[in-house]
Visitor: 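Once you've had a glance at the structure underneath, I'll fire off some questions.
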Amino acid sequence: MPIPESELIFNKDGSIYHLNLQPDHISDTIITVGDPERVPLVSEHFDSIETRMHKREFVTHVGYYKGKRLTVISTGMGTDNIDILLNELDALVNIDFVSREVRAHEEHIALRIIRVGTSGSLQADIPVGSHLVTEHAVGLDSLMQFYPLVETGLEIEVATGVQQALALDYRPYCVRGADLLREQIGAGMIVGNTLTCPGFYGPQGRVLRLDLRRPDLIEQFQNFRYQSAEGEFRLTNFEMETAGYYALGRLLGHEVVSLNAIVANRATGEFATNSDAVMHDLITKTLERV
Ligand code: R1P
Ligand code: URA
């Protein structure tokens with residue numbers, strides 16, 4: 001059955017609605033960043049750039065790095081944008097734009113998607129300036145209320161534990177990322193469990209002028225522990241997209257990894273004075289490994 005025009009939406013030039021890209025615009029390996037201004041900081045390392053595209057917060061450069069075709073795309077902030085990003089990237093490779101039909105299972109293309117973003121540390125022993133690769137992501141956002149995500153036993157136990165510890169009215173979701181990609185791209189980095197929050201201020205326990213419903217939110221995040229056969233689980237850092245990436249990656253059959261430049265530490269109250277350099281180092285490390 002062809003997907004209706006109101007669901008798979010094309011622009012006049014045949015590109016997909018938000019990303020503004022056509023199927024031959026992207027490579028199988030894609031680096032994603034939150035900030036559109038970070039896109040040229042990645043592509044300046046490319047040998048050549050063949051495509052530059054933008055629409056809204058989605059800025060895309062496609063080119064070659066040491067002979068390998070790479071795409072870098074900005075996403076803006078939040079898992080609602082990751083819903084658009086992952087669905088449209090998947091459509092570019094796994095839906096026939098002419099027939100509007102999903103390609104056969106044996107033709108499925110699995111993308112490798114590497115998020116390179118900033119993040120705040122929750123633990124004193126994970127300092128600003130460090131690089132952290134996410135093993136498990138816990139989503140406090142509502143995106144997975146709308147998809148049939150299948151979680152493993154440990155993922156459900158962790159998510160239920162977080163719900164109980166924070167006395168939430170809903171169960172968060174928890175997803176372990178692709179092991180091979182994490183080991184390859186995140187080699188030598190701190191391995192952590194990332195909490196994805198639906199906001200930067202209240203949902204991350206920041207107080208400017210508004211009081212929080214839960215003044216002890218940060219302590220609850222920091223002190224959360226779950227004992228499993230694999231050892232002690234704790235939350236190491238937070239940001240605003242990773243759980244959406246990991247969950248949609250699993251649902252759509254793409255390999256995803258989230259790399260975090262730790263720029264803030266909520267245990268010590270520090271913000272990195274060299275955050276640009278911390279991000280620059282993460283970008284060069286990522287490019288060397290893709
Ligand atoms: C908040 O400042 C933003 O920074 C982090 C968060 O996830 C959120 O998007 O990621 P980026 O640096 O990739 O945008
Ligand atoms: N990004 C976040 O979402 N939180 C932080 O504390 C730092 C970067």
Side-chain angles (χ1 to χ4, degrees), residues 30-43 56-61 71-86 113-124 126-134 136-141 143 172 175 177 185-186 189-190 192-208 212 217-222 235-249 256-283 285-286:
I30 300 171
I31 295 173
T32 61
V33 299
D35 182 355
E37 293 188 3
R38 204 176 296 146
V39 170
L41 300 183
V42 176
S43 66
R56 300 179 184 246
E57 53 269 70
F58 300 105
V59 174
T60 303
H61 290 179
T71 303
V72 53
I73 304 184
S74 62
T75 67
M77 294 183 265
T79 56
D80 44 356
N81 280 9
I82 303 311
D83 179 58
I84 292 173
L85 176 84
L86 266 284
I113 300 171
I114 302 152
R115 168 189 179 264
V116 178
T118 59
S119 176
S121 168
L122 286 163
Q123 307 293 344
I126 299 179
V128 293
S130 53
H131 294 159
L132 182 149
V133 60
T134 301
H136 289 87
V138 177
L140 294 183
D141 61 297
L143 188 58
V175 187
I185 307 279
M189 297 183 193
I190 297 168
N193 299 312
T194 300
L195 187 68
T196 294
C197 300
F200 185 80
Y201 289 96
Q204 294 187 16
R206 288 188 167 89
V207 177
L208 301 184
L212 301 175
L217 190 66
I218 285 291
E219 288 79 18
Q220 298 284 347
F221 292 162
Q222 286 166 336
L235 298 167
T236 51
N237 63 304
F238 53 19
E239 47 71 86
M240 294 171 57
E241 293 88 21
T242 296
Y245 274 106
Y246 278 23
L248 288 172
V256 186
V257 68
S258 174
L259 306 178
N260 302 271
I262 302 296
V263 296
N265 186 305
R266 298 297 297 284
T268 63
E270 289 167 278
F271 189 84
T273 50
N274 61 342
S275 57
D276 289 349
V278 179
M279 177 50 72
H280 177 267
D281 289 351
L282 185 59
I283 289 170
K285 210 182 268 184
T286 304

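Only a predicted model underlies this, so the values are computations on that prediction, with no experimental measurement involved. Atoms within a ligand are numbered from 1 in the order they appear, just like the ligands themselves.
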Visitor: Applying side chain to side chain donor-acceptor pair (under 3.5 Å), name anything that partners Tyr246, two or more places apart in sequence or on another chain.
Guide: none
Visitor: Taking non-hydrogen atoms within less than 4.0 Å of ligand 1, which protein residues qualify?
Guide: Gly34, Arg38, Met77, Arg115, Gly117, Thr118, Phe200, Glu239, Met240, Glu241
Visitor: For atom CE of Met189, decide whether the heavy atoms of other residues, nucleotides or ligands shown that lie under 6.0 angstrom number more than 12.
Guide: yes
Visitor: Consider only side-chain N and O atoms of Thr32 and Tyr245, and report whether a donor and an acceptor are under 3.5 Å apart.
Guide: yes
Visitor: Please report the closest heavy-atom contact between Glu239 and Thr196, naming both atoms and the distance.
Guide: OE2-OG1, 2.8 Å
Visitor: Donor-acceptor pair, distance only, cut-off 3.5 Å: does the side chain of Asp141 make one with the backbone of Cys197?
Guide: no
Visitor: Within the side chain of Ser43, is there an N or O that forms a donor-acceptor pair under 3.5 Å with the backbone of His61?
Guide: no
Visitor: Taking only distance into account, with no hydrogens and no angle test, what donor-acceptor pairs under 3.5 Å do side-chain atoms of residues 258-273 form with protein atoms, sequence neighbours excluded?
Guide:
{"residue": "Ser258", "atom": "OG", "partner": "Arg115", "partner atom": "NH1", "Å": "3.1"}
{"residue": "Ser258", "atom": "OG", "partner": "Thr242", "partner atom": "OG1", "Å": "2.7"}
{"residue": "Asn260", "atom": "OD1", "partner": "Arg115", "partner atom": "NH1", "Å": "2.9"}
{"residue": "Asn260", "atom": "ND2", "partner": "Leu132", "partner atom": "O", "Å": "3.2"}
{"residue": "Asn260", "atom": "ND2", "partner": "Thr134", "partner atom": "OG1", "Å": "3.0"}
{"residue": "Asn265", "atom": "OD1", "partner": "Ala267", "partner atom": "N", "Å": "2.7"}
{"residue": "Asn265", "atom": "OD1", "partner": "Thr268", "partner atom": "N", "Å": "2.9"}
{"residue": "Asn265", "atom": "OD1", "partner": "Thr268", "partner atom": "OG1", "Å": "3.4"}
{"residue": "Asn265", "atom": "ND2", "partner": "Ser121", "partner atom": "OG", "Å": "3.4"}
{"residue": "Asn265", "atom": "ND2", "partner": "Gln123", "partner atom": "O", "Å": "3.1"}
{"residue": "Asn265", "atom": "ND2", "partner": "Ile126", "partner atom": "O", "Å": "2.9"}
{"residue": "Arg266", "atom": "NH1", "partner": "Gln204", "partner atom": "O", "Å": "2.8"}
{"residue": "Arg266", "atom": "NH2", "partner": "Gln204", "partner atom": "O", "Å": "3.2"}
{"residue": "Arg266", "atom": "NH2", "partner": "Gly205", "partner atom": "O", "Å": "3.1"}
{"residue": "Thr268", "atom": "OG1", "partner": "Glu270", "partner atom": "N", "Å": "3.4"}
{"residue": "Thr268", "atom": "OG1", "partner": "Glu270", "partner atom": "OE1", "Å": "2.7"}

Visitor: Can you tell me if Thr75 and Asn81 form a side-chain donor-acceptor pair at under 3.5 Å?
Guide: no
Visitor: Taking any residue with a non-hydrogen atom under 4.0 angstrom from an atom of ligand 2, which ones do you get?
Guide: Thr118, Ser119, Gly120, Phe200, Gln204, Arg206, Phe238, Glu239, Met240, Val263, Ala264
Visitor: Can you tell me if Asn193 and Thr236 form a side-chain donor-acceptor pair at under 3.5 Å?
Guide: no
